[in-house]
Amino acid sequence: MKKKELKVEEKIESPEEPKEEVKESADEEEGFVLREDGVKDPVLNRNEVQEENFEYDSDPLKHIEEERKLFLAKYKKQNMLKWVVSLIALAGVITTWIVIPNVAGGQSWAMPVMISIIVTLLALLILYTFWVRRSLNSKMRAYFNIFYEESNKFVFDQEGFDKLEPQSPDKISKEQFTDNLMYKDIIEVGSRGLTALEYHDIPFMVCDCAGQVKTEKRIAPVFVGKYLFAASNYEDDDPIIVYLKGDVRSLPPTDIDDKKQVHNDDKVIIWSNNSKWEKVVNSAFKKLLTQVHLSNDLVDFAISITKGRVFICMGYDDPLMVLPLEKPYNPHPVKTYKKDVLAAVRIIEFLNK
């Protein structure tokens, strides 16, 4: 399945994503949320997950499914009311246009009265539409917040993780993504769910994120997945890029033209102009790489080690990155992520020794 673009801040605009606060609103196009700045966020999964009776074996996962049902009910109700009110307003306009001229019999007051009624109806419709959009935005943000809060409770409820703190705004800036020096020509970074926490007393941050570039025909993603970043003890000016190859869905680093390829086998590619790169990517580091298990969910895995910092791009497919709406919440991808993230933070820990 081809990855969808997560446009945001933030769309992952934190995860910012993210940039300054960007309001979101429900759009009629299936599977997307349309922000007021015109960017579409593929965050509502309406029909890609097959109907299943999933088991939610923890309170956070149960809570996500309960909130999904509540939000879906509100979403459908407000959408239905929007159409009903729109039809009533349209009927009022048509009735006014037909009835008043017949009643007035050509009198001069007919046209001003008719225009006044029509303008009033249209103004009320616009105000109502604005209210519905604002109300739905508020409910959607609340659902998003609960989704990430409960997901993080589940994922990071394991030994070593501590001081979990959601960020506000919950997005990263464009620079926080481009600083990883792995992807060139980035024009937009979407994100959400930015969270700060610690692993064995080492601070790091994580969010859903999408880096995007402009092609001849469209805006295309160069990365979609979980984005982690932290400090490191690496002191060289030349970065080291380590990439675990994925399948046909993978999106490898693109900003490698000025970097020397120092290693390439069936599983891993390494780029660096640092002649002593092997002192960092040593046997202990390589052992940690064997703990990264690519799968149907985890498509690929990229590490950027720059001076004083480390960035990890965990490329995931739609089942994890698309928030559920019409179909039941599928807990299997987040259970996979819970295992995958341990491999990522152990690499961060290694680079801070």
Side-chain angles (χ1 to χ4, degrees), residues 4-11 13 19-51 65-147 188 190 192 217-219 318 322-329:
K4 292 185 177 180
E5 301 171 25
L6 180 63
K7 294 186 179 181
V8 203
E9 311 128 329
E10 192 212 305
K11 198 180 175 212
E13 287 182 13
K19 309 170 187 174
E20 68 291 343
E21 180 180 0
V22 179
K23 296 183 179 179
E24 299 168 326
S25 60
D27 180 40
E28 294 301 325
E29 182 173 351
E30 195 167 49
F32 289 84
V33 163
L34 181 62
R35 301 205 322 264
E36 291 181 4
D37 58 1
V39 175
K40 292 181 179 178
D41 292 355
V43 296
L44 301 179
N45 185 359
R46 303 184 182 179
N47 52 13
E48 289 194 2
V49 176
Q50 298 301 313
E51 198 75 48
E65 175 59 11
E66 291 169 357
E67 290 298 321
R68 180 198 68 82
K69 291 178 180 178
L70 289 173
F71 176 68
L72 177 60
K74 296 173 183 177
Y75 177 84
K76 287 183 174 180
K77 181 179 180 180
Q78 290 199 304
N79 253 359
M80 181 176 65
L81 287 174
K82 181 181 69 175
W83 284 108
V84 170
V85 171
S86 297
L87 290 174
I88 291 175
L90 179 61
V93 169
I94 294 174
T95 300
T96 299
W97 192 267
I98 295 175
V99 172
I100 289 184
N102 291 331
V103 171
Q107 298 184 48
S108 59
W109 59 264
M111 183 60 68
V113 170
M114 182 171 63
I115 292 176
S116 297
I117 294 176
I118 292 176
V119 170
T120 299
L121 287 172
L122 292 178
L124 290 174
L125 177 60
I126 292 172
L127 289 174
Y128 178 77
T129 301
F130 174 79
W131 176 83
V132 168
R133 171 175 293 186
R134 186 170 182 176
S135 175
L136 191 56
N137 284 345
S138 177
K139 293 180 175 65
M140 184 180 298
R141 285 193 295 270
Y143 172 52
F144 284 5
N145 290 339
I146 292 173
F147 178 89
E188 182 177 357
R192 59 175 178 253
K217 297 182 178 180
R218 66 187 184 96
I219 302 299
D318 288 355
V322 179
L323 272 65
L325 179 60
E326 288 189 355
K327 300 297 182 180
Y329 174 53

For a side chain to side chain contact (heavy atoms under 4.5 Å, CB included) check, start with the C-alpha distance between Trp83 and Ile88, then their side-chain angles and the critical distance, and finish with the verdict.
CA-CA 9 Å; Trp83 284 108; Ile88 291 175; over 6 Å; no
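By the side chain to side chain contact (heavy atoms under 4.5 Å, CB included) test, Leu122 is found to be paired with Val93, Ile118, residues two or more places apart in sequence or in another chain being considered. Judged as a side chain to side chain contact (heavy atoms under 4.5 Å, CB included), and not counting sequence neighbours, the contacts of Val85 are Leu125, Tyr128. Applying the side chain to side chain donor-acceptor pair (under 3.5 Å) criterion to Lys139, with sequence neighbours excluded, gives Ser135.
Taken from CD1 in Ile146 to CZ in Arg141, the straight-line distance is 13.5 Å, to the nearest 0.5 Å. With rounding to the nearest 0.5 angstrom, the CZ atom of Phe71 is 6.5 Å from the CZ atom of Phe144. The CG atom of Leu70 sits 10.0 Å away from the CD atom of Glu65 when rounded to the nearest 0.5 Å. Between the CH2 atom of Trp131 and the CD atom of Gln78 there is a distance of 5.5 Å, given to the nearest 0.5 Å. The CE atom of Met140 sits 10.0 Å away from atom CG of Leu323, with the distance rounded to the nearest 0.5 Å. Between Lys76 atom NZ and Leu81 atom CG the span is 14.0 Å, to the nearest 0.5 Å.
Between Leu136 and Arg133 the shortest side-chain heavy-atom distance does not fall below 4.5 Å.
At distances below 3.5 Å, not a single donor-acceptor pair connects side-chain atoms of Arg68 with backbone N or O atoms of Tyr143.
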